Amino acid sequence: MLKDLNVAGVLPASDIARARDFYRDKLGLEPDNPEATDNLMYKCANGTAFLLYETPNAGTAKNTQLGFQSTDLDQDMADLRERGVVFEEYDFPGLKTENGVATMPSGERGAWFLDSEGNILSIATM
């Protein structure tokens, strides 16, 4: 029953003003509800969206919390780096990044970075 519904992500932010600045200045996103003070809704392509809400629990997850799908990972990463985004380097069994990029056995490529709240975000080819 849920497979035909759109999905929206939800991310925590301990400082909503700081998060708003990060998402605007680093990722080039503006909230759909700019007057809000305790939660921000961001709409992206094809009806997708995510919500940032204020909570002291931000930054506690140790897993990817939100992923952006890219058709040109190298260009998107270059653009993000120009805006000051720093990509994480990982060396785990089954996942190793080089210059911030992991290449999967399927040929898909991905990269991870932290937002201002400590949330782990990814950008990847699909």
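Note that the structure is a prediction, hence the values are computed from the model and not measured.
At least one donor-acceptor pair closer than 3.5 Å links the side chain of Asn119 to the backbone N or O of Pro12. Side-chain atoms of Arg20 come within 3.5 Å of backbone atoms of Pro34 as a donor-acceptor pair (strictly under, hydrogens ignored). Panel note: side chain Asp91, backbone Lys96; no donor-acceptor pair is recorded below 3.5 Å. Not one N or O on the side chain of Asn33 forms a donor-acceptor pair closer than 3.5 Å with the backbone of Ala36. Side chain of Thr125 to backbone of Glu108: no donor-acceptor contact under 3.5 angstrom is found. With hydrogens and angles disregarded, no donor-acceptor distance shorter than 3.5 Å links the side chain of Glu88 to the backbone of Phe113. Judged purely by atom type and a 3.5 angstrom limit, Arg83 uses its side chain to pair as donor or acceptor with the backbone of Asp25. Put simply, the side chain of Thr55 gets close to the backbone of Asn57: a donor and an acceptor are under 3.5 Å apart. A donor-acceptor pair is defined here as one N or O able to donate and one able to accept, closer than 3.5 Å; such a pair exists between the side chain of Thr97 and the backbone of Tyr90. Between the side chain of Glu117 and the backbone N or O of Asp15, at least one donor-acceptor pair lies under 3.5 Å.
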(message) Does Arg24 form a salt bridge (Lys or Arg N to Asp or Glu O under 4.0 Å) with Asp21? I'd like the steps, not just the answer.
(response) CA-CA 5 Å; Arg24 180 192 61 231; Asp21 291 347; 3.0 Å; yes

(request) Take Arg109 and Asp74 through the test side-chain contact (heavy atoms from CB on, under 4.5 Å) and record every step on the way to the result. (result) CA-CA 10 Å; Arg109 299 168 64 229; Asp74 295 322; 2.8 Å; yes

(message) For Leu95 and Met104: C-alpha separation, side-chain torsions, deciding distance, then whether side-chain contact (heavy atoms from CB on, under 4.5 Å) applies.
(response) CA-CA 8 Å; Leu95 179 72; Met104 311 306 167; 3.9 Å; yes

(message) Between Leu27 and Leu80, is the side-chain contact (heavy atoms from CB on, under 4.5 Å) condition met? List the steps.
(response) CA-CA 7 Å; Leu27 305 186; Leu80 289 168; 3.6 Å; yes

(request) Go through the steps for Cys44 and Phe50 under the test side-chain contact (heavy atoms from CB on, under 4.5 Å), then give the verdict. (result) CA-CA 8 Å; Cys44 297; Phe50 66 95; 4.0 Å; yes

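Listed here is the closest heavy atom pair of Tyr42 and Pro31: CE2-N, 3.3 Å. Summarising the geometry of Phe87 relative to Gly100, their closest heavy-atom pair is CB-CA, 4.2 Å, with the distance given to 0.1 Å. Across every non-hydrogen atom of Ala124 and Gly110, the tightest pair is CB-CA, 3.8 Å. Here the shortest heavy-atom pairing between Ala19 and Ala13 reads CB-CB, 3.9 Å. For the pair Ser70 and Ile123, the tightest heavy-atom approach, listed with the atom from each and the gap, is CB-CG1, 3.8 Å.
Atom CD of Gln69 is surrounded by 12 or fewer heavy atoms from other residues, nucleotides or ligands within 6.0 Å. More than 12 non-hydrogen atoms from other residues, nucleotides or ligands lie less than 6.0 angstrom from CG of Asn63.
In this model, a donor atom of one side chain and an acceptor atom of the other lie less than 3.5 Å apart for Tyr23 and Asp115.
Between Val101 and Leu73 there is a side-chain heavy-atom pair separated by less than 4.5 Å.
Leu29 and Val85 end up in the same hydrophobic cluster when Ile, Leu, Val, Met, Phe, Trp and Tyr side chains are linked at under 4.5 Å.
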